[in-house]
Each structure stands twice: as C-alpha cells, then as structure tokens.
Amino acid sequence: MTRLLAAFALLFSLLPGLAVARDIPLATGWRFVKQDAPGAERPDFNDQGWTRVTVPHTYNAEDSGIGGSKARGEPEGAYYRGPAWYRLTIDHKPEANTRYLLHFGGVTLKADVYLNGQLLGRHAGGYAAFRFDATSALKPGANLLAVRVDNARNTSISPLNGDFNVFGGLYRAVKLIATPDLHIDRLDHAGPGVAARTLSLAKGSATIGVTTLIANDRAGAATLTVATRVIDANGKTVATVRKPVNVAAGAHDRVEQQLRLTDPKLWQGRSAPYLYRAVSEVVERGKAIDSVTVPLGVRTVGITKDGRFELNGKPYPLRGANLQHPVRFGRGPIVTDAEIDEDLQLMFDMGSTGIRLAHMQHPPRVYERADEIGLLLLTEVPLIDDHDPSDAFRENLVQQMRELIAQNISHPSVALWGIGNEIRKSDQYSNRILAELQSTAKTLDPLRPTTYAHCCLEDTDPIAQHSDTVSYNRYFGWYWDKSEDIGPWADTLHAKLPGRPIGISEYGAGASILHQEDPVLKRPESNGYWHPEQYQTDFHEKHWREIAKRPFLWSTFVWVGIDFTSFKRNEGDRPAINDKGLVTEDRKTRKDAWYWYQANWSEAPMLHITSRRDVSKRIPTAKVRVYSNLPTVRLRLNGGAWTELKVEDHIAVWPITLARGANVVEASATAPDGKVLADRVTWGFTARP
C-alpha cells in the first residue's frame, strides 16, 4: 500500500460516526495514458505501462504558451484533442452512517467515471465542478477509480468554438467527500448546498436570505434543526435563526430562512469589500452533524434603464478588462491560487472595478479573491460563436448555467450572469437557446441581471434582446474603421434602443513589446506579423476618451487583460497567441496601454513614460509622452534642467532632440502626500552615414 493509501485508511479510521463532512484529496498515485484504452475501466486491466501523474493534470501542457503546436511546425489545430484515461487505486474503510461523494473540480470536456468497473456517471462540460455519489460502489479495501476524459469537439457539448485552447484532462482537484447520511446536499449541480444573498437593504439594516438543501439518505424519517448564523470579519456571530425540519426517508428538503442584520457593513467594491460568512448547520438531538460555510457580502446590484450600473443603490462605474480562463506557460490550466491572485491584482492595480470572465466558469479561487479585493465579476456560460440545433446541445448549456449559478451564487463579487457570446446566426435554435438560458438564470437567481455579448449581426437583432442588458464586442480601429468611431456608434445605438441598457464587452488591439514604431505610420494588419505596441496605445487612448464621455454605457471591458494561448492565431511576434493583452503572457511586462488605464482609473498616484522599449530611435526628434494622474510632472534630458509640464487628460508631452548615442529621459512628480514618483528611460540614436 502506498503512503497515500495508508493515509486515507488512517483518516477513515479516525472518523467513527463522522461528525461533519470531510474532504479527502485524491492527488497522487494516478496512472495516465493519452489514448483510448478499451476496457480500462476494469479493475483487472493492466496499466503498468502507463505514465504516473499527479492531479491536477492536463495532457495539453505543451500547447500552453509561446508558439504551442505551430511552433513545432504542426498545422493549425494540431494539438491533441481526443480521449485519454486516468486510473487510481483508493483504499477504503467504510464507516457507518456515511455517504461518499466523488468530486471533480473540472474535466475537459467529457468525463466517464467508473468505480470498480461500475459506471458512476457521465459529465459533459469542461469548466464546472461535478460530483457523483460513490457510496454503493465503494467496497472495503482496494477500489479502482477510472476516468475516461475526452476533449474532442462534440456537437452535444458547448463550446463548439472559441478563441482559446481546450486543455484536456483532470485539470482541477479531485477529492472524496465524506458526509453523514443526514446532511447538507452537495449534489445539487456540485454547489455547496447553501446559498446566501442580500434580499434588501434599508437604512440601518439588511435582510439576508439563506437557502439550505437537506438530504436524508437514511432508511427512516429524520427530525432535525437547520441552524444558520452570520459571522462578521472578526469571528463574532451577529445574527442567528433556527428552523425545525422533518425529512422523510430518502427525501430532500429546501429550507428557506431570513436573518436581519442591524447596522451592517456593506460590501462596497474596491473601497470596502467587507465580508461576512453564513454558516448553516444540520443539528440533530442538540449536536451539529454537518455544516457548510459560504461567503456573504451585504450588497445589492442593478442596472437602471438609462444605463447606470448601481452598487447598493448608488452609481458605480463598471470598467475593467476581460480575463480568459487562466493558463500558464508549460502548464496550461494547472495554475496555483497565488497565480490567480497575481492576475486579479494586475487588474486591481490598473484601477479596474470589474472583470468579465471570458467565456466560461473560472476556477473557484477567482471568485473568492474577487470577493476579497472588491472586483465585480461578469461570469458566463460557454455559448461561443456556434451552436448545434439539437436538444442535447441546448440541454447541456442549461445544465452548465445551473452549475455556474449553483456553485457561485453566494459570491458578492458576481454581479451579472452572461448567457452567451457572439452567436453568429440568428435562427429559431439560437433564440430558443438564449431564451432558455435567460429563463434559467432568472428562475435560479432573480436578484442579479443577465447580459449577452453581441457581435457580428445587426446591433438590434432578436438574439440581443433576451437578456436584461446587452453588451457589444466592437473593434473599431482594429478590424475596421477608425478608433474614434466607437463614440458615434454608441450614440446611434443608444438612440435606437432608448430604455435598453447597453455596454461594451470587448474592444482591443494587438501589441507585441518586441515591435516598436514611434510614430506609427499606418494601422497594422490585424492578422499580420507587425503589431507595434504604440498602435495599441493610441487605440486605447482614443477609445477611452470616447467611452468616458458616454455615461449611458453600463460597462466597458477591454479585450483582453493578459495575452493568452489560442491555437487559431498566427499573427504578431509568434503563432498561437492572442496578443491583445494589456499585460504579456508571462505577466512580466505591463504594456503602455495598461498604464493609460491606470492613469485614468486608479486613485493611487502614478507616473509612466511610454515607448520605453523603443530604444533605437530612427530620427533625432522625439516626443516624450508621460502618463500620470497628478496635475504636473517634471522632465529632463541627459541630466539637464528640469522642465515642468501640465498634465492634460492624463498625458504630458515634451518634444526633445536626441544626441548621438544613449539619451536618458527622466520624469518626476510629487504626490499629494509628498512622496516623489520617478521614472526613466534610455533611448539610443545613431545618425545614418
């Protein structure tokens, strides 16, 4: 028996009677093969030639960064999309009055789960957690868990398309959850079984609603009490409620409770993301036998008909960037909590108030961290570009919407549910899908608005009318027309749709930090190999100036926060990368456009000289451009006298003449607290003979 299996046996032996639910990680000891293996579900199957792996694991790690399959000379889409198998032996000592659930944090795209040769269930959809009850299939001693994974395109599973790689594997944690046989139900679309939300705010008080799902897996009826309490950030209980419940044998119950908080501290976004916790317990004969804790932020969200987003009944600008599903070079979606925190901090430091999570459910840590730092989230199901007319495809999407909401409803950071992105055809099937997703979202959560990201058809097409709000993916100045056209377009649309909240869910331009051209002579080809950073900077300067003038836009999200892997791409400085990010894929470089938004959005004093990577100037005359949110900056060249300049619209411009050789440009500014900010660049100029 391996050390891991021995640890499992010891853990189970220490749980007589099982007072509360426990998680047993299933991380090590797995065997893996990247191919189909008929019969691999059988315990007697020989897997000795398979590779030993640790879960989380993806079999597309080599396609997760600089170049991917194209860098290896393979054709577009050549990265492996097909079946693979995972097997693990679990040593088990059954405990009386206990249920065992197998939890999978994420499997792309389809999973067939077997225990001791018995099919426990199938799950379709790559981005939500799912669980199966393994109690009856587990036996004393060694148990063989086998999982067939398949990330191939499947017309019954969404997404069918997308500007990203589909990384196959058990790419999030797998664990065994042990619960009492009278317990909080964790099988409701793999949610925690408890949902907490703010029902209403009044002066000096808040009404909190808590829903607790109860399951009685005993042979007889059970009498219990659902005890719920709200705990503040200091660990103090500030509200309690108890409700007696009778649950028949083998039955489920839904327990609704309300609590009143006096003088609550509100969750107010970036400035004050105060978090409570809601704890629900199953109490039997005076003893708590099961418990679940979920986050609680006392807050309300809404969007007025004139396009104003409101947090706690007050206007709150919703602006930021899109983040694709987190991926890291060489590891794909196998990311740590610290790396997720880094990504969100990059957006926070830029001054974002929100993030659009494109285009699917993200890892749990994204939602947890957004709760903690006060970033509002738009999170959506993976209905992207294409759809299949079958009932199976539509039902799969509804399932994924139910999972998204069940698993994330308690997070105060979640502001809107997204029902789709860029559907390319408006027919009866697409409209039916969107109508059902809208109905599902509003039934499960009437307190949050919904939205849809529209593109590629008429702005007022029927597919853009199902959600509570609509937002648009528009790339003026990159794929068509001029950057400044975003403003007149928004005015025209606003006039066509009076009373309909509209936002901008995507706008952006590609940029390579290796491509420098100052000034840019013409708009680069979007699918070409020359993507100068200065063009992206100019693009965003012009876009934000137009957007900022139009308060009727309820949201604005840059595409995209961080460069990411996409097998479809063959442009910019390397293939298989979408380079529209404000930050490079390795997170080491914040492009100039990132600082433009920081100057406009952040309250923290900042100073940044642009075009710092254009180190070899072609002509002696240059313009120093400085971003700042301070009223004045000071500049000097090659140690000369300081020149003070007024900052206008967050930019100061200083014409200079470069000497031959290296030229040092310095910038300085004084913050209100007296702290001096400084920046410097070195530019070279060599006159042609």
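With sequence neighbours excluded, the residues satisfying side chain to side chain donor-acceptor pair (under 3.5 Å) with R369 are E372. Partners of D385 under the salt bridge (Lys or Arg N to Asp or Glu O under 4.0 Å) rule, at least two apart in sequence or in another chain, are R424. The ring-ring contact (aromatic ring centres under 6.0 Å, His included) search around Y171 returns H325, not counting sequence neighbours. Every residue meeting the ring-ring contact (aromatic ring centres under 6.0 Å, His included) condition with F132, not counting sequence neighbours, appears here in chain and number order: F130. Partners of R131 according to the salt bridge (Lys or Arg N to Asp or Glu O under 4.0 Å) rule, which considers only residues two or more places apart in sequence or in another chain, do not exist here. Qualifying salt bridge (Lys or Arg N to Asp or Glu O under 4.0 Å) partners for K175, counting only residues two or more places apart in sequence or in other chains: D23. Not a single ring-ring contact (aromatic ring centres under 6.0 Å, His included) links H103 to another residue, sequence neighbours left out. D579 pairs by the salt bridge (Lys or Arg N to Asp or Glu O under 4.0 Å) definition with nothing, not counting sequence neighbours. By the ring-ring contact (aromatic ring centres under 6.0 Å, His included) test, W559 pairs with H359, F564, sequence neighbours left out.
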Original post:
Is there a side chain to side chain donor-acceptor pair (under 3.5 Å) between S280 and T228 once you walk through the steps?
Top reply: CA-CA 4 Å; S280 284; T228 299; 3.0 Å; yes
Original post:
Going through the checks in order, is the salt bridge (charged side-chain N to carboxylate O under 4.0 Å, His left out) test met by D290 and R99?
Top reply: CA-CA 12 Å; D290 197 10; R99 308 295 295 183; over 6 Å; no
**OP:** Evaluate the side chain to side chain donor-acceptor pair (under 3.5 Å) criterion for residues E403 and Q361: first the C-alpha distance (whole Å), next the side-chain angles of each, then the deciding distance (0.1 Å), finally the verdict.
**Re:** CA-CA 9 Å; E403 292 168 337; Q361 185 169 335; over 6 Å; no
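Using a distance-only test at 3.5 Å, with no hydrogens or angles considered, a donor-acceptor pair links the side chain of T58 to the main chain of G168. A distance-only check finds no donor-acceptor pair linking the side chain of N165 to the backbone of F167 [under 3.5 Å]. Without hydrogens or angle criteria, W594 side chain to L346 main chain gives a donor-acceptor distance under 3.5 Å. Looking at N116, its side chain does come within 3.5 Å of a backbone N or O of A137 through a donor-acceptor pair. Side-chain atoms of D181 do not come within 3.5 Å of backbone N or O of D217 as any donor-acceptor pair. Side chain of Q399 to main chain of A124: a donor-acceptor pair is present (N/O by atom type, distance under 3.5 Å, no hydrogens or angles). A donor-acceptor contact shorter than 3.5 Å links the side chain of Y59 to the backbone of G82. Remark: side-chain polar atoms of T584 are paired, donor with acceptor, to backbone N or O of T589 under 3.5 angstrom.
Residues I433 and F393 have side chains in contact (heavy-atom distance under 4.5 Å, counting atoms from C-beta outward). Taking the side chain as every heavy atom from C-beta outward, V292 and R186 approach each other to under 4.5 Å. By the 4.5 Å heavy-atom criterion applied to side chains, F329 and D586 are not counted as neighbours. Within the 4.5 Å cutoff, the side chain of Y79 has heavy atoms near those of the V166 side chain.
Taking 4.0 Å as the cut-off between side-chain N and carboxylate O, E585 and R574 count as a salt-bridged pair.
When all heavy atoms of S505 and N473 are compared, the pair lying nearest together is OG-OD1, 2.5 Å. Considering every non-hydrogen atom in both L377 and L357, the closest pair reads CD1-CD1, 4.0 Å. Annotation for I405 and A441: closest pair CD1-CA, 3.7 Å, computed over non-hydrogen atoms. Residue R448 comes nearest to H411 through the heavy atom pair NH2-O, 2.8 Å, listed as atom of the first residue, atom of the second, then distance. Here the shortest heavy-atom pairing between P326 and V335 reads O-CG1, 4.0 Å. Nearest heavy-atom pair, L26 versus W30, reported as atom, atom and distance to 0.1 Å: O-NE1, 3.0 Å.
For the pair R148 and Y114, the cation does not sit on the ring face, since its NZ or CZ is not both under 6.0 Å from the ring centre and inside 45° of the axis.
Within the structure, salt bridge (charged side-chain N to carboxylate O under 4.0 Å, His left out) pairs that include any residue of residues 338-350 comprise R328-E342, R328-D343, R331-E339, D341-R365, D343-R587 (at least two apart or interchain). Contacts classified as salt bridge (charged side-chain N to carboxylate O under 4.0 Å, His left out) and involving residues 411-421 (residues at least two apart or in different chains) are not found. Sorted by first and then second residue, the salt bridge (charged side-chain N to carboxylate O under 4.0 Å, His left out) pairs involving residues 103-119 (not counting sequence neighbours) are D112-R122.
Aromatic rings of F104 and H123 (six-membered ring for Trp) have centroids beyond the 6.0 Å cut-off, not under it. Ring pair F45/W85: centre-to-centre distance not below 6.0 Å.
Rounding to the nearest 0.5 Å gives a distance of 7.5 Å between CD of E368 and CG of D371. Interatomic distance, Y100 OH to L115 CG, rounded to the nearest 0.5 Å: 12.5 Å.
Partner R356 forms a side chain to side chain contact (heavy atoms under 4.5 Å, CB included) with one of N421, L323, T379 and no other, that one being N421. D163 pairs in a side chain to side chain donor-acceptor pair (under 3.5 Å) with only one of the listed residues (K580, R569, K568), which is R569. With D47 as the partner, the salt bridge (Lys or Arg N to Asp or Glu O under 4.0 Å) test is satisfied by one option alone out of R42, R52, R87: R87.
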